[in-house]
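Encoded as structure tokens, the structure appears first; notes follow it.
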Number of protein chains: 2
Amino acid sequence: MSENHNNREALHIGVVLYPGFQALDAFGPLDCINVLSWTENISLSLLSTTLDPVSTKPPTSPGATGQSILPTHTFATAPPLDVLLIPGGRGSRGSSPPVQEAIAFITNTYPSLKYLITVCTGSGLAARARVLDRRRATTNKSSWQEITAMGPDVDWIPRARWVTDGNIWTSSGVSAGIDVTLAWIEEVFGKQKARNIAEEIEYSRHEDPNLDPFAELYGL
Amino acid sequence: MSENHNNREALHIGVVLYPGFQALDAFGPLDCINVLSWTENISLSLLSTTLDPVSTKPPTSPGATGQSILPTHTFATAPPLDVLLIPGGRGSRGSSPPVQEAIAFITNTYPSLKYLITVCTGSGLAARARVLDRRRATTNKSSWQEITAMGPDVDWIPRARWVTDGNIWTSSGVSAGIDVTLAWIEEVFGKQKARNIAEEIEYSRHEDPNLDPFAELYGL
């Protein structure tokens, strides 16, 4: 893709990081955003409790492999954001201080956002932040019972690759984050832009949000 | 997936990092490897020139967004490896010191590897390391002419999601890294393990290495 940054004001995107976020939940969407930034004016902040590296290794799986990512801001020093992306992962469970800080940040930041996007069990964090109440939303299909119980006032949709309700975009598990991000890019930057990015990353998109092979697999 | 680490000796996997590697080239395979490590004994090393964080931001695109990853070892301190994974990305071009060090590391390490896996333009680094000579291999379809010119003695296969030749597994662009990694896991750990991981990450696999929608798209 050619470099063709237009002059529109930068869109500020923030990503919530916490120990045990799932790598592809974040880096599927982030790769799409990186490629988007080759031609559009995007500002990206990676947010966590401190500026220390954040590992994808689940705190409950010390023998697992993981990778450590550098945040760019703490929750306390985050710039104003247009978009907040919340990845899921084994670390999204429980009530460790990083999880509690992430939930508080989501609650406080949502009212000023243009868009909220969650991937996989990231919708559990959004549900606990009470921003999904009375909204249609979806989540990871293999953790359906556990995550939906976190949001008793959410209108959970079991059969969906992703769901939009107002400015909230929630996706199914892990790789569905790529599909919801491309769908969101299509909404904001147009169909051709989303297609260009999918072709650049040689990704065969799920383009129908209602087609969900994994709902059936997990008996939903 | 339940924690069920078996007692077989750890499989040592190394990943080559350099400035401007493409995020999904690395983190598609790494997510599969992370999930694999929940039930199998895997040791992972992230390798670069120094231990400084390595950014996905292409050196030629200062306005682009990127993420910084922490290496675990330098090329000089890498442990013995069974598997080497080489992601592609805009940074894989040219002859900067990190790229030259990566190429030298590939040349020196290949003879003792059980498997070499490349994603996208990562095969250009392997070609320049001369380990693909007289082998069948593929690469990113949108950069076909540029990358194949780096390996005049390679038997480049234009229409393939991935190609195996002996212990070398090369994939097409970016998201194809997920498919080649799951195919490799199927080969080494069995069909059910690969299926379990694909279902865990809710990924609709390309299971036929010869079906390549992007070769046609790019006129190959």
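Because the structure is predicted, anything quoted here is derived from the model rather than measured. Every chain is numbered from 1 and lettered A, B, ... according to where its sequence line falls, protein lines coming before strand lines.
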Can you say whether [X] sits under 4.5 Å from chain B via the side chain, the backbone, both, or neither, judging by heavy atoms?
| X | value |
| --- | --- |
| A:I33 | both |
| A:A198 | backbone |
| A:D179 | neither |

- Test item: B:S175 side-chain N/O and A:E202 main-chain N/O as donor-acceptor pair under 3.5 Å: yes
- Message: Main chain of A:T65, side chain of B:S37: is a donor-acceptor contact present, judged purely on distance under 3.5 Å?
- Response: yes
- Task: With a 4.5 angstrom heavy-atom cut-off, could you sort out which part of B:I69 is near chain A: side chain, backbone, both or neither?
- Result: both
- Checking B:I13 against chain A: side chain, backbone, both or neither under 4.5 Å from a heavy atom? neither
- Query: If you measure from CG on A:L24 to CG on B:L24, what distance do you get to the nearest 0.5 Å?
  - Reply: 6.5 Å
- Query: Just wondering, more than 12 heavy atoms not from B:R205 lying within 6.0 Å of its CZ?
  - Reply: yes
- Message: Heavy atom to heavy atom, less than 4.5 Å: which residues from residues 71-88 of chain A reach chain B?
- Response: none
Chain A: which of [options] shares the most heavy-atom pairs with it under 4.5 Å?
| options | result |
| --- | --- |
| B:L44, B:I201, B:T56 | B:I201 |
| B:S143, B:G173, B:G66, B:A23 | B:G173 |
| B:C120, B:A26, B:S172 | B:S172 |

- Query: What residues of residues 206-220 of chain B sit under 4.5 Å from chain A when you count only heavy atoms?
  - Reply: B:H206, B:P213, B:F214, B:L217, B:Y218
- Message: Using the side chain to side chain donor-acceptor pair (under 3.5 Å) definition, which of the options B:K57, B:Q67, B:Q22 pairs with A:N34?
- Response: B:Q67
Heavy-atom pairs under 4.5 Å with chain B are the metric here; pick the option from [options] that has the most.
| options | value |
| --- | --- |
| A:P53, A:S68, A:S142 | A:S68 |
| A:C32, A:S204, A:G177, A:S55 | A:S204 |
| A:N140, A:I178, A:D25 | A:N140 |

